[in-house]
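Working notes, beginning with the structure itself.
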Amino acid sequence: MRVLDALARLNAAYPWSHNAHYHAWIMRGLPRRFDRALDVGCGAGDLVRLLATRAAQVHGIDSDSRIIDAARAATAADLPVTYAVADGGSYDRGGPYDVITCVAVLHHLPLGAALSHFRRHLAPGGTLVVVGCAREDTWVQHLLGLVSVLLNPLYGWARNRGRRAAAPPLAMTAVTRQPDVPYTELVREVRRILPGARLRRRLFWRYTLVWRA
Ligand SMILES: C[S@@+](CC[C@H](N)C(=O)[O-])C[C@H]1O[C@@H](n2cnc3c(N)ncnc32)[C@H](O)[C@@H]1O
């Protein structure tokens, strides 16, 4: 218990976003230039602003109006970016999209329906990238989870350059929830709805999924 308490105190002192950690990886997997992108559950808009460095137009949607206000406030007016308060599982405007991203949001949505919805709204040749959270239900994932528990404070310390943070980053103020779909069920649904998708279990309680239409 003492070790866990110490880890929790360190994590609170040196917070960092497990989601933003994957943004650079997402960008590496996308084309140099693309036309239209949609970020589903965009939170404070960090990824939206990154996508805007390569896209003609990026649209960020989130069901939480408070975080959309924060995203708008953090986005320079000259970026090709728009935001809307909307449900990511049913939003059907502005498509088809060349890129759809969805970071730490899929577990907020009905899984099968959301994957089918994203597939329908991708342009031919378009790319869907999901960074997601699933319930750990195999020993490999439990092991990755354990390694993550130990690495988390080290990463946090390094990312904060050894300085205690006064407050967590804005992105970490977005709504969160615990995933209830087990990873093995997620794999089954992905294979059924997005054949050929590349799915990998990652550190820091995340998996990644890439599918090209
Ligand atoms: C853990 S945060 C991730 C935010 C952002 N993608 C990031 O990586 O920082 C989950 C986000 O999903 C949003 N969300 C939850 N349910 C949603 C829904 N049905 N449609 C759109 N966004 C939703 C929440 O408001 C929250 O901003």
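In each ligand, atom 1 is the first atom listed, and ligand 1 is the first ligand listed. Index from 1, following the sequence.
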Could you find the nearest protein heavy atom to [atom] and give me its residue, atom name and distance?
atom: atom 25 (O) of ligand 1; value: Asp62 OD1, 2.5 Å
atom: atom 3 (C) of ligand 1; value: Val103 O, 3.5 Å
atom: atom 2 (S) of ligand 1; value: Val175 O, 3.3 Å
atom: atom 17 (C) of ligand 1; value: Ser63 OG, 3.1 Å
atom: atom 5 (C) of ligand 1; value: Gly41 O, 3.3 Å
atom: atom 15 (C) of ligand 1; value: His108 ND1, 3.3 Å
atom: atom 19 (N) of ligand 1; value: Asp87 OD1, 2.8 Å
atom: atom 20 (N) of ligand 1; value: Gly88 N, 2.8 Å

Using atom types as modelled and distance alone, determine if a side-chain donor or acceptor of Asn19 lies under 3.5 Å from a backbone N or O of Val103.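 Not a single qualifying donor-acceptor pair exists.
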Please list, in number order, the atoms of ligand 1 under 4.0 Å from a heavy atom of [X].
X: Thr176; result: 1 (C)
X: Leu109; result: 18 (C), 19 (N)
X: Ala174; result: 2 (S), 26 (C), 27 (O)
X: Asp64; result: 25 (O)

Below 4.0 Å, non-hydrogen atoms only: which portion of Ala86 touches ligand 1? Side chain, backbone, both or neither.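 Within the 4.0 Å criterion, Ala86 contacts ligand 1 through backbone atoms alone.
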Best match, Ile26, Val48, Asn19, Asp46: closest heavy atom to atom 8 (O) of ligand 1: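 It is Asn19 that holds the nearest heavy atom.
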Backbone or side-chain N or O of Ala104 under 3.5 Å from ligand 1 N or O: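 Such a contact does not occur with ligand 1.
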Assess the side chains of Asp87 and Ser63: does a donor N or O sit below 3.5 Å from an acceptor N or O?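 Looking only at side-chain atoms, Ser63 and Asp87 do not form any donor-acceptor pair under 3.5 Å.
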Distance alone, cut at 3.5 Å: any donor-acceptor contact between the side chains of Thr208 and Arg200?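 No pair is found: no donor N or O on one side chain lies under 3.5 Å from an acceptor on the other.
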Heavy atoms of other groups near Tyr91 OH, more than 12 under 6.0 Å: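 Atom OH in Tyr91 is crowded, with more than 12 foreign heavy atoms closer than 6.0 Å.
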For Arg93, does the CZ atom sit with more than 12 other heavy atoms under 6.0 Å from it, leaving out its own atoms?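 No - once you tally the heavy atoms of other residues, nucleotides and ligands closer than 6.0 Å, there are 12 at most.
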Looking only at heavy atoms, which two atoms of Gln141 and Glu136 are closest? And how far apart?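 So the minimum-distance heavy-atom pair works out to OE1-CA, 3.1 Å.
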Does NZ or CZ of Arg206 come closer than 6.0 Å to the centre of the six-membered ring of Tyr22, within 45° of the ring's axis?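 No.
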Measure from NZ or CZ of Arg164 to the centre of the six-membered ring of Trp157 and say whether it is under 6.0 Å with the direction within 45° of the ring axis.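 Geometry flag: not set, cation outside 6.0 Å or 45°.
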Does a side-chain N-to-carboxylate-O contact under 4.0 Å join Arg135 and Asp137?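 The answer is no: the pair does not qualify as a salt bridge.
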Is the centre of the Tyr83 ring less than 6.0 Å from the centre of the His59 ring?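 No.
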